[in-house]
Amino acid sequence: MTTHKRYTGLIEFYRDRLPVSANTRIISLGEGNTPLIQLQNIPRLIGKDVDIYVKFEGLNPTGSFKDRGMTMAVTKAVEAGSQAIICASTGNTSASAAAYAVRAGIKAFVLIPEGKIALGKLAQTLMYDAKIIQINGNFDRGMALVKEVAGLAPVTIVNSINPFRIEGQKTAAFEIVDELGFAPDYHCLPVGNAGNITAYWKGYDEYATDRVCGNRPVMCGYQAAGAAPFALRKMIDNPETVATAIRIGHPQSWDLAWNVQKQSGGWFDKFTDGQILAAQKMLSQYEGVFCEPASATSLAGALHDISAGKIPEGSKIVCTLTGNGIKDPEIAMLQCSAAKPVTIDASLDAVKRAILDGL
Ligand code: F0G
């Protein structure tokens, strides 16, 4: 007999490992359960014997990994009786917060750096009808303001300093182990505020402690060269990168992320905007996976460290692709400005010729 079980989001799925009770009203959009895609063409292209998987978090309901943390943070905010949530954001957190607030029937306030948010993220947040507050300052300034105002107004912060965000996001590590049967040797991901690297480690560590898997991965945190406080080992005041999602100079989870680095035997490194965009293009062009620029930092780093031998051949590697490429159409169009679509006459002959030319 076939039994049908609808997937209804990560809180239901990992309920026994998350801080909810039987009475908790769960605010969900069916997040999680994202594909772990094994790269087929890129390993061949680089001529290395490595298994690289990408965890495509761009397929979450609002197009980024933030939904994992937001389902948990908004569920707990509502449980505590909160009527409003607030966050500072480089775009994805704000989109996610706005969507889950709608779902819960509460208000969302989002502080974003004016002119530094990818177009798709702004469009989403507008559609979800959040109260958008643009500031003439960067994410770090917005974060400082949010922390101050939350002490004065009845709003719950849903940035990753909210511990429930980390609880939700740790489920990505569970999914990887549940699917592979083991933790990867190396887990590579882009680092901004460093909430996500903290969350993955927590997930792997819980599973290893409970003997769900026998190993823990080495955690590799990669940053954009112009926004690389971890790689430089000091906070920076004016971060700049084309990967606006990780345009952060004062990460909130500074100590937590250094602990992850130490405990996992991992490292931080930085890559230029050119290297990041090249990795983004590679994923689209060779694997059919379109992620946003910041997300491709994970692959840029992995490819560099594989070629440098820091990640040895024979390794199993997971790269998190944190957000969907469709969120940032402007960068994609700029990157591909040389590849113009052909325009032809609307006739059978012309179409036939175009196909023969293109083969
Ligand atoms: N990748 C993407 C696509 C992001 O949006 C972010 C963070 C990160 C990576 C870095 O994750 O902060 O946990 O180290 N975006 C936040 C935002 C800051 O506001 O959307 P992290």
Side-chain angles (χ1 to χ4, degrees), residues 54-60 62-70 73 86-99 108 110-113 116-118 120-122 124-125 130 132 135 138-143 146 157-162 165-166 168-170 172 187-202 219-224 227-231 239 241-254 256-258 260-261 268 276 279-280 290-301 319-328 331:
V54 293
K55 180 73 171 155
F56 194 17
E57 290 289 278
L59 293 182
N60 274 297
T62 78
S64 86
F65 73 97
K66 304 288 180 179
D67 296 341
R68 289 184 186 275
M70 209 54 73
I86 190 166
C87 65
S89 183
T90 56
N92 280 327
T93 301
S94 48
S96 186
V110 307
L111 261 79
I112 56 173
K116 295 292 181 184
I117 299 289
K121 301 175 189 178
L122 190 55
Q124 288 181 281
T125 313
I132 301 178
I135 58 165
N138 61 23
F139 169 85
D140 300 311
R141 180 69 193 132
M143 194 66 241
V146 161
I157 300 180
V158 293
N159 282 101
S160 56
I161 55 171
N162 178 327
R165 279 277 311 275
I166 305 299
Q169 285 171 217
K170 76 183 180 186
H187 190 114
C188 306
L189 74 176
V191 172
N193 248 336
N196 212 27
I197 195 168
T198 304
Y200 269 96
W201 179 249
K202 185 160 200 289
M219 301 296 291
C220 307
Y222 300 129
Q223 303 205 282
F230 286 105
T241 169
V242 70
T244 51
I246 50 172
R247 189 172 165 269
I248 294 171
H250 288 250
Q252 296 299 310
S253 297
W254 181 257
L256 291 170
W258 281 113
V260 172
Q261 180 267 321
F268 296 108
I276 292 170
Q280 183 199 20
F290 183 25
C291 66
E292 68 171 285
S295 309
T297 311
S298 58
L299 183 71
C319 295
T320 300
L321 301 181
T322 44
N324 199 302
I326 302 170
K327 281 176 173 274
D328 200 342
I331 295 298

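In this chain, numbering begins with 1 at the start of the sequence shown. Both counts, for ligands and for their atoms, begin at 1 and track the order of listing. Everything numeric in this text was worked out from a predicted model, so none of it was measured.
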#### Entry: Contact check, side chains of Lys170 and Arg68, non-hydrogen atoms, under 4.5 Å
no
When distances are taken from atom 13 (O) of ligand 1, the protein heavy atom at minimum range is Asn196 N, 2.8 Å
| message | Just by distance, no angles: are the side chains of Gln169 and Lys202 close enough, under 3.5 Å, to form a donor-acceptor pair? | response | no
So the atoms of ligand 1 within less than 4.0 Å of a heavy atom of Thr93 turn out to be 16 (C), 17 (C), 19 (O), 20 (O)
Near Gly195 (heavy-atom distance under 4.0 Å), the atoms of ligand 1 are 13 (O), 14 (O), 21 (P)
inquiry  = Quick one, Ser253 and Asn193 - any side-chain contact, counting heavy atoms below 4.5 Å?
reply    = no
Notebook entry, point to check: Do Ile86 and Val110 come within less than 4.5 Å of each other through their side chains, counting heavy atoms only?
Noted result: no
**Asked** Is there a nitrogen or oxygen of Pro190 sitting under 3.5 Å from a nitrogen or oxygen of ligand 1?
**Response** no
Taking the side chain as every heavy atom from C-beta outward, state whether Met143 and Ile248 have any pair of such atoms under 4.5 Å apart.
no
| task | Take Tyr200 and Thr320 through the test side chain to side chain donor-acceptor pair (under 3.5 Å) and record every step on the way to the result. | result | CA-CA 10 Å; Tyr200 269 96; Thr320 300; 3.0 Å; yes
Ala245 heavy atoms within 4.0 Å reach ligand 1 at atoms 2 (C), 3 (C), 4 (C), 5 (O), 6 (C), 7 (C), 15 (N), 18 (C)
Verify side chain to side chain donor-acceptor pair (under 3.5 Å) between Asn92 and Lys327, making sure each step is shown before the conclusion. CA-CA 9 Å; Asn92 280 327; Lys327 281 176 173 274; 2.7 Å; yes
Atoms of ligand 1 under 4.0 Å from any heavy atom of Ser89, numbered from 1 in the order shown, are 17 (C), 19 (O), 20 (O)
Short version for Asn159: what comes under 4.0 Å of ligand 1, heavy atoms counted, is neither
**Test item: side-chain donor near acceptor, Asp67 and Ser96, under 3.5 Å** = yes
Exercise for review: Report the C-alpha distance between Tyr222 and Val191 in whole Å, list the side-chain angles of each, state the deciding distance to 0.1 Å, and finish with yes or no for side chain to side chain contact (heavy atoms under 4.5 Å, CB included).
Suggested key: CA-CA 6 Å; Tyr222 300 129; Val191 172; over 6 Å; no
The atoms of ligand 1 lying under 4.0 Å from a heavy atom of Ile246, numbered in the order shown, are 8 (C), 9 (C), 10 (C)
Under the side chain to side chain contact (heavy atoms under 4.5 Å, CB included) criterion, do Asn196 and Thr322 qualify, and how do the steps go? CA-CA 9 Å; Asn196 212 27; Thr322 44; 4.0 Å; yes
(message) Any nitrogen or oxygen of Asn193 lying under 3.5 Å from a nitrogen or oxygen in ligand 1? Just yes or no.
(response) yes
Does Ile197 come within less than 4.0 Å of ligand 1, judged by its heavy atoms?
no
For Thr322, the ligand 1 atoms with a heavy-atom partner under 4.0 Å come out as 1 (N), 2 (C), 3 (C), 9 (C)
Near Val191 (heavy-atom distance under 4.0 Å), the atoms of ligand 1 are 14 (O)
Contact region, Ala194 to ligand 1, non-hydrogen atoms below 4.0 Å, reads backbone
Numbered in order shown, the ligand 1 atoms found under 4.0 Å of a heavy atom of Asn92 are 2 (C), 3 (C), 4 (C), 5 (O), 20 (O)
heavy-atom search around atom 15 (N) of ligand 1 in the protein gives Lys66 NZ, 2.9 Å
re atom 11 (O) of ligand 1, the protein heavy-atom contact at minimum distance is Phe65 CZ, 3.5 Å
